[in-house]
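Numbered from 1 within each chain, the chains take letters A, B, ... in sequence-line order.
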There are 2 protein chains.
Amino acid sequence: MGLTKTEMFTDQQNEISLFAKVLGHPARVAILQHLFKTNSCVCGDLVNEIGLAQPTISQHLKELKYLGLIKGNVEGTSVCYCINTHNWTAMKTVMTAFLNQDITENQDCC
Amino acid sequence: MGLTKTEMFTDQQNEISLFAKVLGHPARVAILQHLFKTNSCVCGDLVNEIGLAQPTISQHLKELKYLGLIKGNVEGTSVCYCINTHNWTAMKTVMTAFLNQDITENQDCC
DNA sequence: AACATTAATCGTAATATTGCAATAAATTAA
DNA sequence: TTAATTTATTGCAATATTACGATTAATGTT
């Protein structure tokens, strides 16, 4: 079906999976790393840096923006994209809590 | 095309995105949380707990196992699934390093 | 052996994702 | 205004993902 049954899961589980999903493509990982690394965060730079076609990069940027991880500002004919630090931190908190679940209890299960 | 061009990205970027991708479905998040929470990690329990059909759960377990995040042991007619703590820790290291990228430099970009 | 129980696999339908060419939209420059 | 530049959108093709019924495989039970 290709359709995730989100109604069967908690808000927290859906939130974690949505954040993970948007990080689940190497182009989006590369975009985020580039935005962290440099201040020259214009869309065209990302197209050159990453090597995918411009519409493809634009689409990935749209998803990252939809999840709130980046924000974009129009500057003349180009658009400057940057990390939304507030939302990134919020995402990091959610994901880190999930990753740091306690693993001591069921270590000897299998 | 639906086909990710992995050859354009670094091994690190592909690794991060693969880990994120497997966490990018609420059923797999729920499975992992349940395995962390309880020792009764038999496949049938997960089917009851989560509410998706048995083949669907089995498929999600397969993906988690393929990425190494869980391991399964046959116990009679049932199969006991558990967190692979070693690989979970390794994954956590990779993801945490990505999430903790320094955000001070480009805060004022946009 | 015959049956029951449990999980994996197969096959398939429906939806999602990825990628890009073509085009449109928005702004700037001449 | 016209042209140039840059990014977003549209439309589409190809592949991936999700879900589950039906079946198979594996083990245990009687």
Side-chain angles (χ1 to χ4, degrees), chain A residues 1-9 13-14 17-31 34-35 40-67 70-82 110, chain B residues 1-9 13-14 17-31 34-35 40-67 70-82 110:
Chain A
M1 297 171 176
L3 176 56
T4 298
K5 295 191 166 179
T6 56
E7 75 280 2
M8 314 184 73
F9 304 100
Q13 288 163 343
N14 283 315
S17 66
L18 282 178
F19 281 140
K21 199 173 176 182
V22 83
L23 302 179
H25 193 288
R28 293 190 290 268
V29 169
I31 288 170
H34 194 256
L35 294 185
S40 67
C41 48
V42 174
C43 176
D45 292 349
L46 291 166
V47 174
N48 293 331
E49 171 82 11
I50 291 172
L52 293 171
Q54 179 266 324
T56 307
I57 297 295
S58 194
Q59 197 170 298
H60 285 305
L61 288 168
K62 192 178 176 183
E63 289 174 65
L64 289 167
K65 199 174 173 186
Y66 180 73
L67 265 282
I70 64 172
K71 52 185 173 178
N73 258 34
V74 177
E75 290 185 354
T77 54
S78 46
V79 178
C80 172
Y81 280 102
C82 322
C110 300
Chain B
M1 297 172 175
L3 176 58
T4 298
K5 294 192 164 180
T6 56
E7 75 280 2
M8 314 186 73
F9 305 99
Q13 287 164 343
N14 284 314
S17 66
L18 282 178
F19 282 139
K21 198 173 178 183
V22 81
L23 302 179
H25 192 288
R28 293 192 288 270
V29 169
I31 287 170
H34 194 257
L35 294 185
S40 68
C41 48
V42 174
C43 176
D45 292 349
L46 292 166
V47 174
N48 292 331
E49 171 80 10
I50 291 172
L52 293 171
Q54 178 266 321
T56 307
I57 296 295
S58 194
Q59 198 170 298
H60 285 305
L61 288 169
K62 192 178 175 181
E63 288 176 65
L64 290 168
K65 200 174 171 186
Y66 180 73
L67 264 282
I70 63 173
K71 52 185 173 178
N73 258 34
V74 178
E75 291 184 354
T77 54
S78 47
V79 178
C80 173
Y81 280 102
C82 322
C110 302

Which pairs pass side-chain hydrogen bond (donor to acceptor under 3.5 Å, both in side chains) with one or both residues in residues 19-29 of chain A, sequence neighbours excluded? H25(A)-T4(B), R28(A)-H60(A), R28(A)-E63(A)
Under the rule for salt bridge (charged side-chain N to carboxylate O under 4.0 Å, His left out), what residues qualify as partners of E49(A), not counting sequence neighbours? none
Check whether any side-chain nitrogen or oxygen of K21(B) sits under 4.0 Å from OP1 or OP2 of dT17(C), and answer yes or no. no
If I take atom CZ in residue R28(B) and atom P in nucleotide dA16(D), what distance separates them, rounded to the nearest angstrom? 15 Å
Of the listed dT9(D), dA16(D), dA16(C), the closest approach to the K62(A) side chain comes from dT9(D)
In this structure, how many angstroms lie between the C1' atom of dA8(C) and the CG atom of N73(B), rounded? 16 Å
Report which part of the nucleic acid K65(B) touches: base, sugar-phosphate, or nothing (heavy-atom distance under 4.0 Å, all strands). nothing
Measure from CG on D45(A) to C1' on dT7(D) and round the result to the nearest Å. 13 Å
For the pair made of CD1 in I57(B) and P in dT6(C), what is the distance, rounded to whole Å? 16 Å
Taking all atoms of both residues into account, what is the closest heavy-atom pair of L67(A) and L18(A), and its distance? CD1-O, 4.1 Å
Among all residues two or more places apart in sequence or in another chain, which pass the side-chain hydrogen bond (donor to acceptor under 3.5 Å, both in side chains) test with Q59(B)? none
On DNA chain D, check which nucleotide each of L3(A) and C43(A) is closest to and give me the residue with the more 5' one. C43(A)
So, using side chain to side chain contact (heavy atoms under 4.5 Å, CB included) as the criterion, who are the partners of K62(B) when residues are at least two apart? none
Can you measure Y66(B) atom OH to dA16(D) atom P for me and round it to whole angstrom units? 13 Å
Quick tally for nucleotides 20-30 of chain D: nucleotides whose base has a protein heavy atom under 4.0 Å get B, sugar-phosphate-only ones S, the rest -, giving BBB----BS--
Mapping H60(A) and L61(B) onto DNA chain C by nearest heavy atom, which one lands closer to the 5' end? L61(B)
Can you sort out the partners of Q54(A) under side-chain hydrogen bond (donor to acceptor under 3.5 Å, both in side chains), two or more places apart, ordered by chain and number? none
Distance in angstrom units between L23(B) CG and dT17(D) P, rounded: 14 Å
If you take all heavy atoms of V47(A) and L52(A), which pair is closest and at what distance? CG1-O, 3.6 Å
Just the rounded figure in Å: distance from P of dA19(D) to CZ of F9(A). 7 Å
What is the distance, rounded to the nearest whole Å, between atom CD of E63(A) and atom C1' of dT17(C)? 8 Å
Quick one: is Y81(A) getting a side-chain N or O under 4.0 Å of the dT6(D) phosphate, OP1 or OP2? no
Which part of the nucleic acid, if any, lies within reach of S58(A) when heavy atoms closer than 4.0 Å are counted: base, sugar-phosphate only, or nothing? base
